[in-house]
Amino acid sequence: MEPLRIATAQFEHYNGQKAHNLAIIRRMAAQAAQQGADVIAFHECSIPGYTHARNLSREQMLAIAERIPDGESIQTLTDIAREHQIVILAGLFEKDEQDRLFKAQVCVGENGLIAKYRKLHPFINPHLLPGDQYVVFEIKGWKCGILICYDNNIIENVRATKLLGADIIFMPHVTMCTPSTRPGAGFVDPALWENREHDPTSLRLEFDGMKGRAWLMKWLPARAYDNAVYVVFSNPIGMDDDQLKNGCSMILDPFGDVLAECRNLGNDIAIATCTPEKLTMAGGHRYLKARRPDLYRDILGQDHQPEQKVVWLNPEIDPSA
């Protein structure tokens with residue numbers, strides 16, 4: 001494998017305005033390509049927007065969802081990829097031939113769709129169905145996987161994707177700055193975003209504290225370190241419906257170290273070079289070889305009824321409070 005230059009992006013999407021968001025994706029893809037990136041990764045539902053979907057009916061969801069690969073957005077991404085000679089990962093709502101709804105992340109190149117992944121643990125809208133398989137694919141000889149947001153909270157998903165051969169895992173999110181049972185969690189006041197040019201410090205303190213980046217850094221480096229993978233984390237910044245998101249899209253190496261990170265309080269990209277040597281130099285590579293599946297095969301595979309709760313979706317929690 002040759003070194004691979006990857007860009008991760010953060011931008012403020014407009015909910016329900018796919019043309020607007022695709023125009024931003026086009027500009028940021030051009031910027032990344034000009035800086036030598038082979039790939040650019042965008043956040044979960046970066047094309048239609050995300051949090052507004054919690055209030056949409058099935059009919060409204062079907063109206064914004066698209067067929068893959070025949071939908072208009074995939075064709076637009078293909079045009080962008082071809083124009084700028086860059087591979088693009090972006091998110092949207094998918095409807096299949098039976099009008100079943102999924103949350104999808106796609107990888108698109110100059111010749112069209114390279115890979116599609118359906119979120120295993122969707123929750124933003126009750127009409128979304130969970131995906132039922134992992135996805136591993138190639139970009140310029142590199143084995144890659146995708147896990148969307150909540151999927152990464154279940155550590156078995158990351159390990160399974162690694163065991164299927166992935167050396168890079170793209171992790172598109174819309175996360176942070178929401179209430180939780182953990183200390184320090186909560187919404188960030190949108191007024192701080194509106195006043196960011198005059199008072200960036202107060203906003204940065206919220207974004208980097210336990211509501212945001214400090215929480216992320218409790219677990220994201222561990223996913224990279226334990227599995228000896230490159231992690232490409234992408235997250236929006238700015239207003240997502242009535243919630244403020246903090247961005248900090250970043251790329252981590254198999255040692256769990258941050259190689260590049262978006263730090264602007266606005267649309268931004270960060271680019272890092274992935275080199276194959278680190279995949280086997282990292283401690284996680286040795287730990288994977290030392291595994292003893294005979295000890296825990298039956299434990300990990302025992303019957304279990306999934307239960308998924310998202311605290312901030314509680315209607316009693318007001319993001320404006």
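- Ion pairing between D208 and R263 holds under the 4.0 Å rule for side-chain N and carboxylate O.
- When the options R213, K211, K245 are evaluated for a salt bridge (Lys or Arg N to Asp or Glu O under 4.0 Å) with E206, the one that passes is K211.
- Here CG of N55 is found 11.5 Å from CE of M61. Values are rounded to the nearest 0.5 Å.
- Looking at R5, its side chain does come within 3.5 Å of a backbone N or O of Q35 through a donor-acceptor pair.
- Looking at heavy atoms from C-beta onward, L101 lies in side-chain contact with L62 at the 4.5 angstrom threshold.
- Defined by atom type and a distance below 3.5 Å, a donor-acceptor pair is missing between the side-chain atoms of Y287 and D226.
- At a threshold of 4.5 Å between non-hydrogen side-chain atoms, the residues F170 and V39 count as touching.
- A donor-acceptor contact shorter than 3.5 Å links the side chain of T8 to the backbone of F233.
- Here the CG-CG distance, from L203 to N195, works out to 9.5 Å after rounding to the nearest 0.5 Å.
- For the pair L220/M171, a side-chain contact is recorded, criterion being any heavy-atom separation below 4.5 Å from C-beta on.
- Between the side chain of D38 and the backbone N or O of L4, no donor-acceptor pair lies under 3.5 Å.
- Between I237 and W193, some side-chain heavy-atom pair lies under the 4.5 Å cut-off.
- K18 and E66 are joined by a salt bridge, as a carboxylate oxygen and a charged side-chain nitrogen come within less than 4.0 angstrom of each other.
- Annotation: Y14, atom OH; neighbour count of heavy atoms from other residues, nucleotides and ligands within 6.0 Å does not exceed 12.
- The local environment of CD in Q98 is crowded, with over 12 non-hydrogen atoms from other residues, nucleotides or ligands closer than 6.0 Å.
- Residues M1 and K143 form no side-chain contact, since every pair of their non-hydrogen atoms from C-beta on lies 4.5 Å or further apart.
- Using a 4.5 Å cut-off on side-chain heavy atoms (C-beta onward), Y50 and H43 make no contact.
- Interatomic distance, CD1 of I146 versus CZ of F137, reported as 4.0 Å (0.5 Å rounding).
- V258 is listed as a side-chain neighbour of L252, based on a closest heavy-atom distance under 4.5 Å.
- E94 pairs in a side-chain hydrogen bond (donor to acceptor under 3.5 Å, both in side chains) with only one of the listed residues (R67, K116, Q105), which is K116.
- Residues M176 and C248 have side chains in contact (heavy-atom distance under 4.5 Å, counting atoms from C-beta outward).
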